[in-house]
Amino acid sequence: MDAKRRNGGPPRGGASQAKRGKTVWDWEDSPSIFEEELALFEEADMETEEREGQAGHDVIPVGELFSADLNPRWRRPQAAPLNPDSDTLVFQQIDLDYYLGKLCQSQGNVPIIRMFGVTDSGNSECCHVHGFAPYFYIPAPNGFTSDHLSEFKRELNSAVLKDMRSNKDNMSVTVLAVDITRKESMYGYHGKRLADFLRITMAMPRLIALAKRLLEQSFKFGPFPIQSFSSYEANIDFEIRFMVDSDVVGCCWIELPKGKYRVREERKVSLCQYEVDVGWTQLISHPAEGEYQRIAPLRVLSFDIECAGRKGIFPEAEKDPVIQIASMVQRQGEKEPFIRTVFTLQSCSSIVGSQVLCFTKESQLLQSWAEFLRTVDADIITGYHIQNFDLPYLLNRAATLKVICSPTWALGIKSVLRDSSFQSKQMGRRENKIHNMEGRVQLDLLQVLLRDYKLRSYTLNAVSFHFLQEQKEDVQHSIITDLQNGNEQTRRRLAVYCLKDAYVPLRLLQKLMCVINYMEMARVTGVPLTYLLSRGQQIKVVSQLLRQAMKQGLVMPVVKPEGGEDYTGATVIEPEKGYYSVPIATLDFSSLYPSIMMAHNLCYTTLLQKGSTEKLGLTPEDFIKTPTGDLFVKSSVRKGLLPDILEDLLSARKKAKAELKKETDPFKKQVLDGRQLALKISANSVYGFTGAQVGKLPCLEISQSVTGFGRQMIEQTKQLVESKYTIANGYQADAKVIYGDTDSVMVKLGVDTVSRAMEVGREAAEWVSSHFTQPIKLEFEKVYYPYLLINKKRYAGLYFSSSADTHDKMDCKGIETVRRDNCTLVANLINTCLQTILIDRYHLDHSDRQVGTTWNILLDR
DNA sequence: TCCAACTTTTAG
DNA sequence: CGGTCTAAAAGTTGGA
């Protein structure tokens, strides 16, 4: 009896049955709220379906666990037969990578793109895309003609072969092709002159860097002198190269027309229901518009493991066993998980609403769970801290017990662990474990939260409370082993805890709309979903830049990273510190940096490098000089790529917001809101990209000009407001800008009501806007009343925006209440103080004379 | 006790 | 290989 499944009455037993003396646990009261929730799932299931295996009484031999009769929900829907001659295959691609493989026996390895996806009917699919090869460019040397092509190719090929450390694949052809094309470098404006470039196509992606290095050092061929070549687009990931060239964006829908693809019956390498081969020019990529905005019914699996650690020692996979694995599987877009199961070591009492599978041997538990994972065939695997804990632990544990090393988790590819550490100015050093699982997207909720949310605490309990207002089942880590060594009731207690830990990430995923938001970001920026989770900000801009550049015959240079000096950023207006018991209007430039770049046509392609003006014979009408003294041509001469990208992003955002307003379907609303957000973030990261000094294409002329304009604008705004709103001009009082930071000014307009401040604020914003170039726009944002200005970047106030009668919130910036480097007592204390002096101000100020006097002393008046 | 250098955290 | 930006406050550390 290796595995059993039970379904019994309410939990019985308790401390009296525990083998270990004292009552370490105090739990045998009523079922928890979570247990009731689980039970409700069961009822819901019953209404819609006959009793399936889910609620049986029988003990099931382990071999039968995966039988379709017993666990019909585990598998995906049956895949209809696919006839490539008459059927078109349409699927949403969710992951895209490449591998090296042989097209036929005689030839060497070639890179093959692989797309994983899901069809509308929920069938999984793996598509091998053939025929796309990596390439890069170099400028053609002077006097180069097509007659030199073959010699160049031959020389480069032999140089590459000579330099290869080991020629494992026994390649003889590394350079597949060299062609002359007319291109222009995107860096700097040089009169729209196309020049000859050599497009060098290599046999494998990793040969690109090699060829680039050889050409950069010194390269001799034919009658040409030894020279070094700068390279273009040699640092582009192969996946991105393919996606840009074939107009595929992350998570888009792909159509394989009938007659254009082949179905694999044998030689299947994946566990997908459909596995097909197609040529890279045959597939159709649909832009994410209209019906192709939809999302396929993806399977999302969330899991959590429990280990029996030794007292006071963090569990180690080499020593401590895995005792439970809970899993929940949900279809994207549905409200509840349709699989709820926990695998336990040793017996465990039943839990209504979930399946309990008990094992006597840990190795069987692990093996069965791996089989479960393959059977469920999830598209997205989630959980909390799975990337650096659960998955590595399972893998190391399996290695220790010498099980499930092969077959592996997902594909026919062995899963291995890799350590990666990366450093950035922003994030510091960060160590991560990488666990390959081709075809399944690993979405560790902890990583998502670390990336996108600033929280006081990242424990699952704290996060759950923060977002869901719910506490976890409380089980101290120290008693896990005791619970395991107790009886089937204590192990049940543990299993409920484990199930909740698998359930909460699913809830969070839903609440934060992670899947939708990430998918929209992938679609907007054009990178694969997995890039968003494993890579930084830059790749998203590179992807967009390449797409835009390709349309105009521009190529992107490879620049060697060299850190330079920091450049000047934004201005913070010296605050007039104090407590303001009058309304303070706040005016903001919306999307300041993007709109500066658009208004002044700042781009790589419009930058005039030293001496270019004379060389190109440009008149002063053709270009502008930025506050930092850099020169850029006007859009009448050439429209920049970055302004183009930004316009696309911002107009798409406008469109998404308009659609959002009209849309009534809540699911489509979520998608549109996710898109709107992705577009905003993308627009704002373009500036950061140009200023990233160790980046793919830094251009400080752009970034320092942007901040330079920003500084100028905030000063000008201050002066404009203070010059117009004066007593001399017939206003009640002289307006005063009391503070401002980067893109905002706080103005004391001298009016005494919120509604009046709103009126004047709106008018002022509009008037100031008219002094700036389109699309720069100053907007009225909010009124603070009252307003406490402590210092630069530290203030608080009651926030009025939607209504002049009631405040939306108490807004605190930079103060202890929002900082995470104090204990909560400090935050609470300060928060109470602020509430008192901001919200209860009338009480203090007017009604209570005694306190009112103290108040005046405090305010120094 | 003071101060400069460094760290952490936020605003935008 | 990977890695948006600067300004600025306030706290910590360590040397004189």
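When reading the values below, keep in mind they use all heavy atoms of this one structure, side chains included, and skip hydrogens, waters and symmetry mates. The chains referred to below are lettered A, B, ... by the order of the sequence lines, with proteins before strands, and numbering in each begins at 1.
If you take atom P in B:dG12 and the same atom in C:dT4, they sit 22 Å apart, rounded to whole Å.
At a threshold of 4.0 angstrom between heavy atoms, the contacts of A:Tyr567 are confined to the sugar-phosphate backbone, with no base atom among them. As judged by a 4.0 angstrom heavy-atom cut-off over every strand, A:Val541 is placed among residues making no nucleic acid contact. Using a 4.0 Å heavy-atom cutoff across all strands shown, A:Thr568 reaches sugar-phosphate atoms only and no base atom. Note on A:Lys696: only backbone sugar-phosphate atoms sit closer than 4.0 angstrom, heavy atoms only; bases stay farther off.
Listed pair A:Lys793 / B:dT10 fails the phosphate criterion, with no side-chain N or O lying under 4.0 Å from OP1 or OP2. An OP1 or OP2 oxygen of B:dT10 is reached within less than 4.0 angstrom by no side-chain nitrogen or oxygen of A:Tyr795. Taking side-chain N and O atoms only, A:Asn791 has a distance below 4.0 Å to OP1 or OP2 of C:dA10. Not one side-chain nitrogen or oxygen of A:Arg820 sits closer than 4.0 Å to the OP1 or OP2 atom of B:dT8.
Relative orientation of the A:Phe467 and A:Tyr453 rings is perpendicular, given thresholds of 30° and 60° on the angle between their planes.
Under the side chain to side chain contact (heavy atoms under 4.5 Å, CB included) criterion, A:Ser228 pairs with no residue at all, not counting sequence neighbours.
Centroid-to-centroid, the aromatic rings of A:Phe589 and A:Phe772 come within less than 6.0 Å.
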